[in-house]
2 protein chains.
Amino acid sequence: MAPDTDPRGDTRKRILDIAETLLLTRGFNGFSYQAISGELGVKNAAIHYHFPHKTDLGIELIQRYRRRFRRFTEAQADLDAASRLDAYFELTDSYYRRHRQVCPSGILSTEFHTLPCAMQDEAALFIEEMRAWSVAIARQGRDGGVFHYAGSAEAMGAVMFSALQGGLQLARVDAELLGTLKYQLKTLLGIAPALPERGQQALSLPVEG
Amino acid sequence: MAPDTDPRGDTRKRILDIAETLLLTRGFNGFSYQAISGELGVKNAAIHYHFPHKTDLGIELIQRYRRRFRRFTEAQADLDAASRLDAYFELTDSYYRRHRQVCPSGILSTEFHTLPCAMQDEAALFIEEMRAWSVAIARQGRDGGVFHYAGSAEAMGAVMFSALQGGLQLARVDAELLGTLKYQLKTLLGIAPALPERGQQALSLPVEG
DNA sequence: GACAGCTTACCAAGCAGTAAGTAGAGTCGG
DNA sequence: CCGACTCTACTTACTGCTTGGTAAGCTGTC
C-alpha cells in the first residue's frame, strides 16, 4: 500500500526507535502497539511478529539502551572528569531537547511497581550502571584534584544522579530548572564557570548499527 | 491523620485515600476505577457517582494534596531552617515507608505528557509550590547562618528538590540510596551530623499484583 | 416525597495477543 | 530453466479482557 522510501528489513529497528520515543515521553504503560504500528504504517500484528509480547519489547528496549550506554561510557575512557561531567550534562540536555523526554532510569524507577518482573530485573541493572557511572565521575574528579566537595564520592555521585533524574522530569513543568540545576551541581563540585554555559560539545549516545 | 474511620458516609474520602495510594505507587495511568471499587467493596459505578470522570478524581487528588501541603508548611511557621529540612526529609521518608511510594511531584512530572490538561495545570501549581518551599528552606538556612553553601538559594533549593524527587524513585531499586542522599545533602549544606543516620532497613522487594 | 448514595446492567472503545493466510524472495533437485 | 519447496515478513480477521463511562432503578433517611 505505502510506497516504501526506505529499504526493507529494518522494521524491527524502526519499531524500537518509535517505542523508545514513546517510552521516554509517555512511559511504558502510556503507549500501545497501535501507537507504534500507526506511526510505522504497518498493522498491529506486524509488531507482534517482531515482539510477541509487550514485555519482550520492553526488555529489548532496556537491553539496547544498556549496550548504547556502555559504548557511551567506554568512548570516554581517556577523558578527564570535567569532560565526563559535561558529557553527562549534555546527555541529560539531549533528552530534554527531544520532546522533553526523561532519562530511562526516571521512567523505569517511577513505573517500577507496574513493570513485569523480567523488565524490573533489567531496569535494576541499568539503573545501577548509571549510578556507578555518576559515582565514578565524582571519584575521578576528586582524585584528579579537579572537583572539591565534602562527603564521599559515592554520596556525591548519588546526589548528581538523583538530581539530574528528578530535574529532567521537573523541566517539563519548569523549563529553567534544568539549567539552574546543572550550574549549581558544578558549583557544588567547585568547578562553576562564571556564567551558565550554553554551547557544549554535542556528545550524545551513538545510535545502534 | 484522619480521625474518622466510620464505615459509611465518608465513601468519598475513602475513595480519595485508596486512589492516592494507587497514584503514588502505580501512577495515574497505572490504576483503574475497578481497582478502587474492588478495594473499597463497592461497585464500579459508585466511584463514578462521586467522581464522574477520572480526570475529576485526579484533580481532586492534587487539590487535596495542595491543601495538605499548605497546612504542612504553615505548621512550620516558627521552625528554624534545620528543623524544616528535617521535616522535608521526614516527609520524603514517609513516602518510602508507605509501600515505596514516590512524591506526587515525581509521578505528575513523569506522567505529565499523558495527563489531561486540567490535571497538568493543577500539577504545575503543586510542583511550583514544592519547589518554592525547598528554595525557602535553603534561603532561610543561609540567612540564619545555619547553612553554608556556594551558589544561590534558588539553585540550592532546586538541587534539593530534584535530588529528593529522583532519589525517592531510585530508592525502589536501591534501598540505601535515599539515606546516602539525605546525608550528602546535609553535608553540602554544611550541617552534616557525625555519622549517617541509618533509619530504614532494607525490605525485600514485594512484587505487586 | 425528595434526595443522597448507591446497585444492576449495560456500552463502545481500546488493549494485548493469536491463528490463518499470503506475497515475494531465495533455494534446490532434475 | 522450471517447478516445487521454504522461509521471512507481513496482513486479515478475530478473540477475550479491561477500560472509562452511562442510564435507570432501588433503598434508607430526613
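Reminder, nothing fancy here: chain letters follow the sequence lines and each chain counts from 1. Both backbone and side-chain heavy atoms feed into the values below; hydrogens, waters and symmetry mates do not.
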### Task
Fit a plane to each ring of A/Y33 and A/H48, take the angle between them on a 0 to 90° scale, and name the class: parallel (under 30°), tilted (30 to 60°) or perpendicular (over 60°).
tilted
### Ion pair check, B/R131 and B/E128, cut-off under 4.0 Å
yes
### Task
Just say parallel, tilted or perpendicular for the rings of B/Y149 and B/F147, cut-offs at 30° and 60°.
tilted
### Message
For the residue pair B/S109 / B/Q165, report whether a side-chain donor-acceptor contact shorter than 3.5 Å exists.
### Response
yes
### Task
Please round to 10 degrees the angle between the axis of the first five pairs and the axis of the last five pairs in the helix from C/dG1-D/dC30 to C/dG30-D/dC1.
10°
### Query
Does the side chain of B/S83 come under 3.5 Å of the side chain of B/D80 through a donor N or O and an acceptor N or O?
yes
#### Entry: Side-chain donor or acceptor of B/R84 paired with backbone N/O of B/I137 under 3.5 Å
no
### Query
A/W133 vs A/Y88 aromatic rings, parallel, tilted or perpendicular, using cut-offs 30° and 60°?
tilted
### Query
In whole Å, what is the span from the CG atom of B/L57 to the C1' atom of D/dG21?
14 Å
### Task
Look at the side chain of B/H53 and decide which nucleotide, out of C/dA16, D/dG21, D/dT8, has an atom nearest to it.
D/dG21
### d(CG, B/N44; P, C/dA9) in whole Å
15 Å
### Query
Nearest-Å distance, CG (B/D56) to P (D/dG21)?
8 Å
### Under-4.0 Å side-chain N/O to phosphate OP1/OP2 contact, A/H50 with D/dC10
yes
### Task
Provide, to the nearest angstrom, the distance between the NE2 atom belonging to A/H48 and the P atom belonging to D/dC14.
17 Å
### Summary
Out of C/dT8, C/dG17, D/dC10, minimum distance to the side chain of B/K43 belongs to C/dT8
### Query
Starting at OH of A/Y49 and ending at P of C/dA23, how long is that distance when rounded to a whole Å?
17 Å
What nitrogen or oxygen pairs link the protein and nucleotides 16-19 of chain D at under 3.5 Å?
unit_1: D/dT19; atom_1: OP1; unit_2: B/S32; atom_2: OG; d: 3.2

#### Entry: Shortest non-hydrogen separation from B/Q101 to B/L168 and the atoms involved
O-CG, 3.7 Å
### Task
Quickly work out the A/I36 CD1 to C/dC15 P distance and round it to whole Å.
11 Å
### Task
Check the distance between C/dG5's C1' and B/L40's CG and give it to me in whole angstrom.
13 Å
### Message
Please find the pair of heavy atoms, one from A/M156 and one from A/A138, that lie closest to each other, and give the distance.
### Response
CB-CB, 4.2 Å
### Task
From the options D/dT11, C/dC6, C/dT7, select the nucleotide whose nearest atom is closest to the side chain of B/T11.
C/dC6
